[in-house]
Amino acid sequence: MENNTVISIQNLIKRFPVGSEFFTALKDITLDLHKGEFTGLVGPSGSGKTTLLNIIGGLDSPTEGKVRVLNQPLNNTNHNERARLRRKYMGFIFQSYNLLPVYTVFENVELPLILNKMNKEDRIQKVNQAIEWVGLTNKRNSKPNMLSGGECQRTAIARALVHDPVLVMADEPTANLDAENSHNIMKILTKLNKELDTSFVFATHDEKIMGYLKRIIRLEDGNIVDDKKIKKENI
Amino acid sequence: MIRFLTKGLLRDRSRSLFPVVIITITVGIVIFTIGFMKGTMNSVFLDTAVIISGHEKVVTRAYKEESQMLPNDLALLDVDQIIENLNNEYPTHFWSPRITFGGLLDIPDNNGETKDQGPVIAMGIDLLSNETRMPEIWGLEKCLVEGRLPKTSKEVLISKKLANKLNISVGDLTTFIGTTMHNAFTTYNFLVAGTFDLRKGQADKQMMLVDISGARKALDMENAASEIFGFTHSLFYNDDKAVSVRTNYNNSYSDTSDIFSPVMLALRDSSEQMETMVDMVDVFLLIIGGVFLIIVTIVLWNMGLMNGLRRHGEFGLRLAIGESKGDVYRSMILESLIIGFTGTILGTGIGLMLTYYVQEYGIDYSEVVSSMSTSSMVMPNIFYAQITPELYYIGFIPGVIATVLGAMLSGLAIYKREMAQLFKELEI
């Protein structure tokens with residue numbers, strides 16, 4: 001594995017039990033993702049992109065094959081080690097934002113730092129910075145029910161990035177947003193990718209965001225059918 | 001993290017206020033129901049004990065056999081010594097002599113001629129000594145309808161029912177006509193100090209209360225008594241202890257070959273009806289209380305379970321951003337413990353206050369029970385609750401244990417499900 005390889009997957013197979021049978025969601029996937037990449041796992045529903053994203057994030061475990069994330073073999077790590085990996089080095093962005101409704105924007109963004117046991121002064125500084133990145137400074141004390149969909153997703157982005165992760169995974173981050181908000185979100189993520197050199201992996205079938213991706217991996221029926229890097233100047 | 005979670009807990013009323021309110025109400029109901037059931041049964045026992053049997057009573061063996069005849073010729077002698085021995089050997093009880101006697105009560109007119117006359121059942125009880133608890137356990141202050149309590153051995157209280165029947169008023173002079181303990185004819189004048197209503201059905205229909213010193217003078221029973229009554233200091237009847245005291249006393253003092261030797265009877269020995277009731281009451285309380293406890297335990301268990309299930313999405317998120325399964329599970333249990341304790345403490349407080357209120361003031365069932373009293377068992381018109389030691393902790397079974405168990409059970413999903421599944425199927 002090269003030094004700048006963030007994710008290395010070899011011969012990954014994932015099967016789910018369906019009644020007395022098994023459904024194979026991922027079939028012999030081999031893949032490397034590198035630091036700073038802005039990658040999309042693209043394909044129709046049921047193609048296996050979310051399953052692959054969950055396995056990379058340690059939320060699900062492979063049936064067969066090897067998965068190394070940030071030089072850690074996920075096959076051999078227990079729940080606590082995977083939790084530590086996510087806590088320290090990963091960020092997640094979800095389709096339905098998944099903000100905690102009783103907490104303010106500030107508190108939602110603060111949560112990963114609390115889990116990382118950062119002291120209060122540093123926390124306040126980091127959270128304010130992350131909220132500023134996504135342009136929500138004037139909404140820092142608002143609760144999610146007072147925010148628009150775009151603002152909720154920007155909060156979720158701030159939460160995913162506040163602890164300076166090496167890798168951010170986004171599952172259909174624009175699926176619940178209109179075109180304008182989708183482009184705004186992708187511009188923010190592109191900017192942060194450039195400034196922070198954070199690697200991003202998207203699971204998406206949203207055509208609106210394809211133009212922002214530096215690498216597109218197409219999945220169909222659990223197989224990679226295309227893996228294309230796009231030159232920066234084309235974006 | 002605990003501060004962060006506490007903040008969320010306080011803000012989310014569906015996680016804090018509502019469960020606390022439900023636990024408070026449920027625990028309060030449990031406490032009051034059990035307290036009321038125990039108190040009601042103890043009310044029946046205590047009323048029977050006060051009027052008929054004591055928690056324990058000592059009589060001669062001969063008196064015991066003929067007790068329906070009120071045979072004071074078979075009464076206990078040298079009573080002061082017997083009471084001193086009882087006080088020394090059974091300090092868990094207080095002991096008081098009683099003379100129960102029957103006769104005629106004659107009400108003269110202004111000329112001294114009989115105006116009215118009727119049968120009376122009189123009780124000579126310790127109304128006047130400094131250490132007596134008889135006025136308290138009879139509740140005479142509360143039962144007084146007119147007049148005042150007797151201040152001398154020549155004064156009596158007449159039941160309102162008897163007073164109405166014989167047209168007796170407070171201040172009237174009455175003459176008791178009966179026999180002494182030596183079977184000699186006797187007449188003795190008493191002044192009516194007041195009238196009373198025990199509010200225990202027909203139990204006081206023909207009742208007259210007099211201080212024991214007055215009864216002794218009227219019946220020539222110096223240092224004698226029909227019976228010596230014993231009551232626990234708490235006035236709460238415990239059948240196992242009562243039987244133990246009775247057996248111990250009889251083994252020490254009762255001589256089957258001597259009809260005048262003392263014998264002790266527990267409350268359960270006063271009649272077959274009472275014996276059955278004493279036997280049934282523990283089983284009854286266990287069944288009713290147990291079923292009730294199980295039902296509310298299931299309700300609170302389910303609430304804990306639902307609270308946990310509702311939050312799977314939140315748990316999924318916390319796991320996704322790196323909290324360990326153990327930490328999420330522990331925080332969930334800690335939350336349910338805090339909620340459970342808060343609700344239980346509030347519920348126990350409210351339940352005890354309600355129980356205390358009904359213990360002091362009771363619930364009046366006059367019309368229902370007025371015809372249910374018998375000669376061997378007194379049914380109270382007013383049922384009182386009773387605060388017993390277990391009421392202070394029994395609420396923790398449903399309030400804390402069930403709530404926490406429910407939370408633990410729902411939290412098992414954190415371990416059993418794949419995280420992705422937990423997260424996906426129950427997104428916030």
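These figures come from a predicted structure and were not determined experimentally.
Taking CZ of B:R3 as the reference point, atom CD1 of A:I114 lies at 9.5 Å (rounded to 0.5 Å). Atom-to-atom distance recorded for A:R87:CZ and B:D327:CG is 7.5 Å, nearest 0.5 angstrom. Rounding to the nearest 0.5 angstrom, the gap separating the CG atom in A:L100 from the CZ atom in B:R11 is 11.0 Å.
More than 12 heavy atoms of other shown residues, nucleotides or ligands fall within 6.0 angstrom of atom CD in A:Q129. Taking a 6.0 Å sphere around NZ of B:K241, one finds it holds 12 or fewer heavy atoms contributed by other residues, nucleotides or ligands. With a 6.0 Å radius and a threshold of 12 heavy atoms from other residues, nucleotides or ligands, A:E132 has its CD atom at or below the threshold. Other residues, nucleotides and ligands place no more than 12 heavy atoms under 6.0 Å from the CD atom of A:E21.
The shortest distance between side-chain heavy atoms of A:V102 and B:E314 does not fall below 4.5 Å.
Of the residues considered (A:N80, A:N116, A:L111), A:L111 shows the highest number of contacts with chain B, using heavy-atom pairs under 4.5 Å.
Contact record, B:A320 with A:R86: O-CD, 3.1 Å, taken as the closest heavy-atom pair. In terms of heavy-atom proximity, B:L5 sits nearest to A:Y103 at CA-OH, 3.7 Å. Among all heavy-atom pairs drawn from B:S324 and A:A83, the shortest one is CA-CB, 4.0 Å. Considering every non-hydrogen atom in both A:E107 and B:F4, the closest pair reads O-CE1, 3.5 Å.
Contact of A:F92 with chain B is made through the side chain alone, with heavy-atom distances under 4.5 Å.
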